[in-house]
Amino acid sequence: MSRIGLFITCINDALYPQTPKAVVAVLERLGYEVDFPQDQTCCGQMHANSGYRKDAVRLAKSFDRVFGAYDAVVTPSGSCAAMAREQYPALIGGDIGERVYELSEFLLDHAGVEDVGARFPHTVAYHPTCHGTRVLGLGDKPLRLLRAVEGIELIDLPEADQCCGFGGTFALKNAEVSSAMLDDKRRHAAGTGAEYLAAADNSCLTHIGGGLSRAGGPEPIHYAEILASTE
Amino acid sequence: MSAAFPKAAKVALGMPQLRSNLAHATGTIRDKRAKAAGELDDWQRLRDTAAAVKADVQHRMPELAVTFERNAIAAGATVHWARDAAEANAIAARITREAGAEEVVKIKSMATQETGLNEYFAAEGLAAWETDLAELIVQLAEDEPSHILVPAIHYNRTEIRDIFKGRMPDAPEGLTDDPAALAEAARLHLRRRFLSAKVAVSGANFAVAETGSLVVVESEGNGRMCLTMPETLISIVGIEKLLPCFEDLEVFMQLLPRSSTGERMNPYTSVWTGVAAGDGPQNVHIILLDNGRTDVLADEVGRQALSCIRCSACLNVCPVYERTGGHAYGHVYPGPIGAILAPQLEPGRHDDLPYASSLCGACYEVCPVKIDIPEVLVHLRQTGPHGVGEKAAMSAAEAVMARPRLWRAALGAARFFSRPWRRRGFMRRLPWPGSKWTASRDMPVPPGESFRDWWKERER
Ligand code: SF4
């Protein structure tokens with residue numbers, strides 16, 4: 001049996017315990033044993049992408065130390081998985097990045113499961129987040145998993161592939177442009193009339209959800225939580 | 001560190017007409033491009049090939065430039081080398097005077113925008129007339145271009161009608177905003193210029209080393225007029241425009257029109273090799289322009305920016321460009337390509353442009369020569385300057401995140417100290433710098449029980 005390490009990401013560690021809990025639930029339901037190494041912190045993406053290479057290298061090295069012994073690292077974040085796989089080779093060398101999987105990659109490519117036995121009788125619109133889709137190449141993997149969920153009704157999100165405007169520190173450095181992008185995303189999401197807006201990254205959902213909570217619209221939810229649901 | 005972009009962007013965001021013009025125009029080109037690119041089964045292979053050719057050019061730049069020079073001279077052209085914008089402009093002005101002219105007609109060219117040729121000519125008592133429709137509009141309006149391919153993208157046709165009526169001396173009576181009528185007015189205005197011009201100035205899309213040929217790709221035919229009617233032709237060409245051989249055009253001529261205008265083929269492609277006796281311009285001058293390019297070449301990551309073929313696909317898909325327009329970038333190259341090229345061509349300036357991106361990657365996805373724009377943006381952020389306060393905050397964050405114990409303590413502290421700002425599950429107003437976030441978005445509050453606590457409980 002291969003050893004699976006769960007990387008929950010710093011944002012889930014701070015704000016969204018329900019998402020990694022959902023990952024654990026789905027993986028255990030499928031018969032996998034998951035380990036949570038306590039010393040994990042952050043993949044270093046914020047530092048790397050904001051231009052702080054040295055800091056990013058230190059965080060990447062510590063990621064490598066914490067997860068080096070695992071055969072697979074599963075994470076509910078397209079952008080953190082993309083950080084490890086696409087940026088680590090240039091930052092720290094080594095091959096740890098190759099063993100980091102975003103949840104849907106692990107389920108479809110590694111475990112070979114499309115139907116994870118979930119039930120979620122609600123209307124859901126799905127936003128494909130930029131790093132997951134374009135950098136990691138997730139394509140429609142999370143959507144394929146969602147389509148197999150019993151009772152779910154998926155509603156198309158107009159202009160789904162447009163960035164929500166988060167972009168890490170971009171949201172602060174260019175706050176006005178970021179907000180203008182958010183406005184459009186929020187309008188499209190609200191227009192679907194769906195109960196939930198799902199995505200593969202809680203950072204983007206924090207941004208979109210932070211806007212939706214003011215103007216009204218679907219409830220943001222990480223798609224892992226839908227996969228974990230059996231209601 | 002400069003903050004010109006966020007400020008200018010804020011101004012642009014407050015102009016509803018501009019935003020609607022841009023959203024409409026970029027949206028239309030975006031869809032056309034996607035359709036035109038989707039028609040070719042080997043699109044991805046074409047992109048790979050183009051990227052490989054351009055990388056090869058960058059490796060062999062000195063050799064190819066000299067080969068080009070030799071072959072162009074053999075075909076009857078005169079070749080000049082310009083270290084920077086000032087040299088290029090001075091050479092062009094000298095040739096113009098030697099031809100006994102006081103004015104030139106111009107083909108749309110980014111290189112001459114970059115050197116500021118029109119302004120230089122004006123200061124020297126010479127006139128440079130733009131003949132591309134959109135450049136003409138911008139010139140008449142005494143404005144700056146805001147897009148690489150469609151310099152007047154920020155105007156709608158009513159605004160263009162008003163510019164023509166107010167500033168074109170020979171504008172017809174009762175001009176309407178019908179596109180055909182506007183084009184006809186411009187055509188009549190320009191025809192007089194073409195017929196009287198002794199000198200034309202152009203750029204080039206490609207410079208073929210093997211044959212010494214230059215290539216101009218255009219849509220309106222104004223370029224063809226400029227390239228064939230005047231006696232003297234001056235072409236200002238950035239050295240990155242070199243291609244090793246004529247056959248390489250096969251790849252680029254498939255990629256460029258589909259990426260820029262979303263057309264399978266552009267209406268006019270002009271190729272000329274030195275002088276053809278008795279046909280077209282008899283004095284052919286080529287000014288090879290460096291203007292910072294060899295310095296860019298020295299940066300292994302940044303040099304990909306020199307692969308750019310100025311198709312502007314990255315502008316049209318960029319969510320930031322779509323909302324701010326080109327002027328906010330404060331450089332002749334706006335949008336994603338400008339954000340990586342401007343700070344490299346003018347080191348020490350435009351250092352806020354690499355941050356004018358959410359790194360969404362839409363630009364990389366469409367770029368016909370596969371420039372990894374997000375990679376270069378991040379690279380420039382890593383090699384550029386940082387604000388003192390931000391730097392301190394980032395090191396502090398790293399210091400905590402690199403130490404698991406401290407990190408766990410910080411999470412607990414965040415749960416505690418966020419209390420005063422909580423409002424029904426959200427924080428609506430945070431103190432600076434969090435206020436930049438909460439100006440338009442709420443922030444969720446940390447949970448009562450963390451994942452770590454839950455896991456520990458479970459393990460017992
Ligand atoms: S960077 Fe690529 S997409 Fe942008 S203008 Fe240049 S060639 Fe076109």
Side-chain angles (χ1 to χ4, degrees), chain A residues 8 10 12-21 24 36 38-42 44 46-53 55-56 58-59 62 66 87 130-131 133-135 161-183 206-207 209-211 213-214, chain B residues 5-6 9-10 13 19 319-320 323-324 352 354-362 364-365 374 378 380-384 386 390-391 394-395 397-398 400-404 407-408 411 414-415 425-426 428 433 436-447 449-456:
Chain A
I8 65 173
C10 59
N12 290 323
D13 208 350
L15 293 173
Y16 303 104
Q18 65 273 29
T19 301
K21 279 190 210 168
V24 173
F36 172 71
Q38 288 280 335
D39 280 355
Q40 60 180 280
T41 60
C42 168
M46 176 180 76
H47 286 91
N49 287 352
S50 307
Y52 295 85
R53 193 172 198 276
D55 295 328
R58 278 197 289 269
L59 292 170
S62 110
V66 173
Q87 295 205 43
C130 300
H131 282 188
T133 312
R134 299 204 181 90
V135 186
D161 61 353
Q162 290 284 309
C163 177
C164 74
F166 173 56
T169 44
F170 172 76
L172 302 178
K173 283 192 187 245
N174 281 286
E176 282 85 9
V177 186
S178 166
S179 300
M181 289 160 71
L182 173 62
D183 268 350
T206 304
H207 188 238
S213 92
R214 288 198 183 173
Chain B
F5 181 81
K10 194 173 174 182
L13 284 166
R19 277 186 71 185
V320 176
R323 286 167 182 85
T324 65
D352 58 340
Y355 296 90
S357 165
S358 66
L359 303 178
C360 80
Y364 180 31
E365 199 171 56
V378 169
L380 294 175
R381 292 178 186 186
Q382 291 179 352
T383 48
H386 295 295
E390 182 195 278
K391 204 168 171 174
M394 282 296 204
S395 328
E398 188 274 330
V400 171
M401 286 171 155
R403 292 169 184 78
W407 168 245
R408 288 195 287 269
L411 290 176
R415 276 209 291 283
F426 279 102
R428 304 240 140 144
K436 291 191 167 202
W437 177 276
T438 50
S440 62
R441 336 148 174 98
D442 292 338
M443 189 72 193
V445 295
E449 184 196 49
S450 74
F451 177 82
R452 289 170 185 275
D453 299 337
W454 175 80
W455 184 270
K456 237 186 256 156

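The sequence lines fix the lettering, A, B, ..., with proteins before strands; numbering per chain opens at 1. No experiment lies behind these values; they were computed from the predicted model shown. As a basis for the values below, the full set of heavy atoms in this structure was taken, side chains included, without hydrogen atoms, waters or symmetry mates.
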Any side-chain heavy atom of [X] sitting closer than 4.5 Å to one from [Y]?
X      : Y      : value
A:E176 : B:R323 : no
A:Y52  : B:E390 : yes
B:M394 : A:T169 : yes
B:R452 : A:Q40  : yes
A:Y16  : B:P444 : yes
A:K173 : B:P6   : no

Side chain, backbone, both or neither: which part of [X] has a non-hydrogen atom closer than 4.5 Å to chain A?
X      : value
B:A397 : both
B:W455 : side chain
B:L13  : side chain
B:S440 : both
B:T438 : both

Could you tell me which portion of [X] (side chain, backbone, both or neither) has an atom closer than 4.5 angstrom to a non-hydrogen atom of chain B?
X      : result
A:Q18  : neither
A:T19  : neither
A:V177 : both
A:C10  : both
A:A48  : both
A:V66  : neither
A:L172 : both

Gap separating the [atom1] atom of [X] from the [atom2] atom of [Y], nearest 0.5 angstrom:
X      : Y      : atom1 : atom2 : answer
A:C42  : B:W407 : SG    : CH2   : 7.0 Å
B:M401 : A:D55  : CE    : CG    : 11.0 Å
A:R53  : B:T383 : CZ    : OG1   : 10.0 Å
B:R381 : A:H47  : CZ    : NE2   : 14.0 Å
A:M181 : B:C360 : CE    : SG    : 6.0 Å
B:K436 : A:S178 : NZ    : OG    : 11.5 Å

Where is the tightest heavy-atom contact between [X] and [Y], given as atom of each residue plus distance?
X      : Y      : answer
B:H386 : A:G51  : NE2-O, 3.0 Å
A:F170 : B:Y355 : CD1-O, 3.6 Å
A:P17  : B:S450 : CB-C, 4.0 Å
A:G211 : B:R441 : N-CB, 4.1 Å
A:Q87  : B:V378 : OE1-CG1, 4.3 Å
A:A180 : B:R19  : CB-NH2, 3.8 Å

Relative to chain A, which of [options] shows the most heavy atom pairs under 4.5 Å?
options                        : value
B:P374, B:A402, B:A439, B:A362 : B:A362
B:G361, B:G384, B:A356, B:S357 : B:S357
B:P354, B:S358, B:A9           : B:S358

Applying salt bridge (Lys or Arg N to Asp or Glu O under 4.0 Å) to B:K456 and not counting sequence neighbours gives none
Return the option, out of A:L59, A:D13, A:T206, with the maximum number of heavy-atom pairs under 4.5 Å with chain B.
-> A:D13
Ranking A:G209, A:G165, A:G168, A:G167 by heavy-atom pairs under 4.5 Å to chain B gives rank one to A:G167
Among all residues two or more places apart in sequence or in another chain, which pass the ring-ring contact (aromatic ring centres under 6.0 Å, His included) test with B:W454?
-> B:F451
Might you work through the side chain to side chain contact (heavy atoms under 4.5 Å, CB included) test for B:V320 and A:N174, ending with a clear yes or no?
-> CA-CA 10 Å; B:V320 176; A:N174 281 286; over 6 Å; no
